[in-house]
Structures are given as structure tokens and as C-alpha cells.
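Just so you know, ligand 1 is whichever comes first in the structure, and atom 1 is the first atom listed for that ligand.
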Amino acid sequence: MAGKNDKSEKRYRELLGIIREHNRLYYELDSPSIDDAEYDRLVRELGEIERLHPELKESETPSERVGGAVSRAFSEVPHDPPMLSLGNVFDEAELQEFDARCRKAAGNGLMTYTVELKYDGLAVEVFYRDGQMFQGATRGNGSVGEDVTANLMTISGIPRRLATAVPYLTVRGEVFMRLSEFEKLNSTREEEGEALFANPRNAAAGSLRQIDPAVTARRELDAVFYGIGRAEGAVYDGARKKSGGQSVLPGFEGPREPGGIDTQEALFGYFQSIGVPVSPHRACGSLDDVMAFYRYWLENRHALDFDIDGIVVKINDFSLREKMGATGKAPRWAVAWKFPAKEAVTVLESVDFQVGRTGIVTPVANLKPINIGGVVVKRATLHNFSEIERLGVRIGSRVTVIRAGDVIPKVVEAHGDGPGGDAINPPDACPSCLQPLDREDIYLRCLNPDCEAKKLENLKYFVSKDGMDIEFFGPELIQRLHERGKLDGPADFFSLTRDDLLGVERMGDKIADKILESIDKRRSVPLSVFIRGLGIRNVGEHLARVLARAAGSLAGLSAMSRDELMRIHEVGPGVADSVYEFFHGERSAAVVRAMLEAGIKVLDEATPSASHKGVAGKTFVFTGTMESMERKDAEELVESLGGKAAGSVSKKTDYVVAGESPGSKRDKAEALGVRVLTEKEFLDMVKDNE
Ligand code: IVH
């Protein structure tokens, strides 16, 4: 079928061009324009076409070669044997396939793996003669790297002299930059008006490839090692001293003398004994252990002061490695199990201007949809207009987008590799109410108090976790209720009826009841939660608590002068001003009044000097569901009144507060003779503080 073949050939040629260009950007310019996952997909697609149409396969195909060429600024250093790359797996199923191949090669023999962190840096080889470092090189294209000896010598983690005068040894590992150092470097560069590095890997690569080693020395780099290139002479100074000639076969990382260093674990032990730093690693007897290691680091990698992009799984035993061998590109006995990507490169298609609850107008990028770590991202924040300028981003730019945890995806870099599109200009008027905008240093703000967008954002904030935490109100529902005139200000949530809710499309009885129930739970709230819900500028969860404890009551807080506010520990002039203005502003004061009129009870909190007589020093345990408040709020209330909230009932418990369906805690209280309170009795108790 000539037609089909033509199509494959066309795609094959196209892929070759694309991949070669990405190799150049990555290896030569330290400036990749796509993320690893996207690159891997391209190479896989190329490999797949080669498998189906071997006649198309080029001898220099990137699917079998490590990309990259050698920059002309440095002299060349050959790697013997070549420095290989690693194949990737992305999930447990692919790992199992790797495991099956290994087990097949092992026959019935016992097999173990080592697992290591996959450092996101750049691979290097360091050469020692008689225990003295004499050369160091980047990986380059795998066969030939760049001579960066002088630069590597400035890295304090790389020993200049080994603890043992080994006749000849080359060690392979990764040079990387710690996140703390990366941030320091970028902030200095920002102050000096220099271009920022996109990530620590690029910063490490850029720093290592400096012509002037003094520059490298100023940027603190680190290194870890995980393999041997070539070893001659007595290598292993362990129990069975070995001597002999060349001990490494091409395509095989590690000496192969039986009785010498014959496992990855022994290699790590040996490295440590001669002063070569190694990466955290573990021996694993089963795939379950490998998976546990992966999951642990997927979860905990953010606690590290350096970036890792996955783990590396290697067969421990060197003789089995030799049996399995390598392809031109990667060993068959090891794989990288990559974490889902946190960042990706896509195209910025257009920009919207979004009005926040305080009126600040934020530029938001509409992106060509892209999957980042399992989530399809279509929009990302551009923060403000000075950020747009700093990034040099335009409509149509290729941009790097990052997504970390729950935070809103953000555009962090623009790549100058596309045609320059339209500039992104700040709007003159509010996109919602069309009133002129006010410029406040780098921010644009809509000052119109009747702006619809601001109102809606305020309503959304009020029910959010940061606000009063009322469940089930998505942005859509709020919008619909607002359009129907049922929700204008926060107080209106408390007068919503079942019919109001049922008037909204697709609203069912059950969900309406749930919504009403969650509103009811907020009819009595501790003062700190109420303050949080007001959304006072500069006042978040922590300061809301500080203010509540200092003022004790809502009346007390609203009557405080600026000076009195400033005297509260942790409250500065900015916070004092915004709190004062909030309670004295006509509109905001009206919002508070409306909420009180709607029947919200704001429960006082104890000031440190005057704790609650009945509650202070007493231990409470809450069980069952409370009708009027969330359990965690009741607990917070008790603590704020000088009492203690405990999780389980013991002889030391003073009161058990039993809500609906209380369960075994109440039984235990009764058995121990601990006083059991109903919800109402508890509320009465906290209310009167005579
Ligand atoms: S072993 C033949 N171990 O990942 C085995 N590589 O994607 C070659 N890397 O080129 C590499 N941490 O730059 C190995 N613990 C580790 C690693 C590691 C990071 C890098 C290295 C390699 C690349 C392959």
C-alpha cells in the first residue's frame, strides 16, 4: 500500500526534523522548548514507525542515539564506553513489562534491583589517575563530551583526590543545582536585569558550561555519582583485593570481575569508601518494594532541596546486566520511572482579563490545551502586566506552564522560537462594568463598588474554604442564583429557600437539602471564621484568628481604633488600615449588619486574659454530627475559650458533647461517669460567660 507508506515516510521525515531540532535546543542551547514527556512521545512515535517500516530507518536515528552534539567552545573528551541514556516507564504496567524481561534473563536465578533517585541535572564523567582527578566532561552526545574539567573542579562535592590511590578510575553521575541556590541565583539575576533560568537543570547546565571557571565557582553546584565508566588496576579495596587490566565492557557500566565489585550496592559502598558522593538508594527484593520507593518519593519529593524527575530502577547484579546488554541508546537492565510532568510547553492563544473580588484585574492566558501531570490545563495566570513584560510573552508565544499541587497553573517562561504575535496590552476599562481602571503600581484595579464581576467573586470567596467554608456552592450555582436576583451579597445565602434552589436548572431535591444543611451549619460561627468570611483585605486565616482572640467579640473588633489595632501583636499598619476601613466603610459595614439581621450568631472568642469560666481548663470531646456547626469549629471555639478539645474519651475528659448519631464515645462517657452535653447545652454553656 504505497499510499500508507508515503504517509508514514512523510511523518517519519517530519519527526526526524522535529526531534533533531529539540535535541539541539536541549543539549546545545540548554533551552528546551518542550517537556520531557512530549519529547519522549515523539521519539516513541519515531521508533514505532521504524518498527513497522524498517526500510525507512536511518542509520543515525535519534531513537537509538543520545541526542546532542558538542559545543565548539570546549575541547572534546571521548567516553569509553559511551555514556548511555535510560529507557522510560511511566506506570506500573510498563514497569511490570520491564520486570518480566529481567526475570526472563535471570532464568530461575534470584534477582534484586536497586532503586535510586533520578536527579534532574546533567550527566558528567570524572576521570582519576592514581586517585587524582585529572579530567571531567559533560555527556555531550554520549560518545564525546565537552571538557569542563576546570569547572567541575570548582564543585566542592566532587573529590579532587580519592581516599585510595586507584590506578585509573572514571566515575559517572549527575551535576545539579539545589533549589535554594537556584532561587538565590535567579533573584540576583533579576536585580541585575539578566535573563532568568527556567529551572534548576538549565541553571546547572548553564553554570557548568561557563568559559570562565570563576563564574561556575560562584554558583554553587552539587554532584552525586552512580556508575563507573572504566576502571583499571586495583579497584576494590575490599576483602578480595583485585588487580588486573581493563575491567569494563562497552555498553556496560560497572566492573565485571567476579569477586570484585559485582553489584550496584557494592559499587555504592565502594564509592563511599573512596569519598565519592552517592545518591540515596535502596536494594529491592520485589516489585512491591520498587513501587513503594516510587510512591514515597512522588509524595515527598517536594521536601527535597533539589529536583528529581523520577526514580531509576537497576538490576543489582552486574553479571546479569552483562547478560542483558544494551541497545545503542540505553541499557536493557535499567529504566527510569518518571514522575508525571509538572510543567509543559504549549501555545498561548489569547488573553482574558479577570476581575478579582478586590477589583484587581488579572491577565489570564487561554492555552492550547495540554496535559500536565494527568490534568488538562487550558488556562493559566499571567499574574500582572509587569510579569507579561518581564516574560516577553505575546499572543501565539510558546510558553512553559507549571502546575504545582492545588495552585492555579501559571505561565513561567516564554520561548522566543515562534513568530512574534500581537502584544498583550492592558485594558483601559474594567472588562465587566466598563468603568475606567485605577493603576496601583503594578496592579490595575476596578474601584466601582457595584461591579458585577467583583460581587460574584466576593460571593464565591464567601463560601470557599478560605471564607466561611459552605459546601456545594460551585461558581455556576452562584452565578445562576445571582442572575435570578436571589444572591446579591453574602447575607443572602442565609435567606435562600428550598424553592430558590429548586428554581435552578438541574437542581434535585437531595442536593438542595444538602445545600440547606450546609448553610444551617454556618448560622453560628466562631468570630475567627466570621472574620475570615468577610474577606477583609490583607486578612487571611491566621490573622483572622489573631484578631478574634485579641478583640474577643465582633462589637469589640468593629469599635477598635487604628492605634488599638496596631497594638495587637502581628498587626501592622496595612492590616490595621484595612480592618478599620472595613468596619467604617458604609458598604462593608452594611454587609456585616445584613448578616447579623439574617440571624447569624457570631460566637465570642476569649481574649487571652479573660478566658471562659465554664470552658477554660476543661477537656471536651465531640461526637456525632452537630446541627448548627462543624465539629472542627466547635473544637476551635473550645480552644479559643481556654479549653482543650480531645479526640477520645478518658477519665480526664470533662464533657462529651453528643450530636446526632453519637456512637461509642457517648457510651464510653457514660461508663466512665463523664458528663454528656447535648448540642444546645453546649451552646448555652459557651454563650454565658458570667
Ligand atoms: S543511570 C546506563 N542513575 O538520567 C545508565 N542516571 O535519562 C545511565 N540520571 O543520563 C544512567 N539520576 O543523566 C542513572 N540515579 C541515576 C540517575 C541518572 C539521574 C540521569 C542521567 C542519565 C539520564 C537518563
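The shortest separation from a heavy atom of I308 to ligand 1 is not under 4.0 Å, leaving the residue out of contact. Under a 4.0 Å heavy-atom criterion, R139 is in contact with ligand 1. By the 4.0 Å heavy-atom criterion, K314 is counted among the residues contacting ligand 1.
Under a cutoff of 6.0 Å and an axis angle of 45°, R129 and F134 form a cation-pi pair.
The environment of CD in E220 is sparse: at most 12 heavy-atom neighbours from other residues, nucleotides or ligands sit within 6.0 Å.
In plain terms, the two heavy atoms of V124 and M83 that are nearest each other are O-CE, 3.5 Å. Considering every non-hydrogen atom in both R178 and F306, the closest pair reads NH1-CD2, 3.6 Å.
Every atom of ligand 1 is numbered from 1 in the order shown, and the set under 4.0 Å from a heavy atom of P331 is 2 (C). Close approach of ligand 1 to E116 is summarised as follows: ligand atoms under 4.0 Å from at least one heavy atom of the residue are 3 (N), 15 (N), 16 (C). Of all the atoms in ligand 1, the ones that sit under 4.0 Å from a non-hydrogen atom of A123 are 13 (O).
Within the 4.0 Å heavy-atom criterion, both parts of L86, backbone and side chain, lie near ligand 1. Neither the backbone nor the side chain of V224 has any atom closer than 4.0 Å to an atom of ligand 1 (non-hydrogen atoms only).
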Decide side chain to side chain contact (heavy atoms under 4.5 Å, CB included) for T114 and E116; before the verdict, give the C-alpha distance in whole Å, the side-chain angles of both, and the deciding distance to 0.1 Å. CA-CA 7 Å; T114 61; E116 301 162 27; 3.7 Å; yes
Passes salt bridge (charged side-chain N to carboxylate O under 4.0 Å, His left out), E58 versus R13? Steps please. CA-CA 10 Å; E58 293 222 342; R13 301 274 153 237; 2.9 Å; yes
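Relative orientation of the F127 and H79 rings is parallel, given thresholds of 30° and 60° on the angle between their planes.
Considering backbone and side-chain N/O atoms, L122 never comes within less than 3.5 Å of an N/O atom of ligand 1. For Y119, a nitrogen or oxygen atom sits less than 3.5 Å from a nitrogen or oxygen atom of ligand 1, counting backbone and side chain alike.
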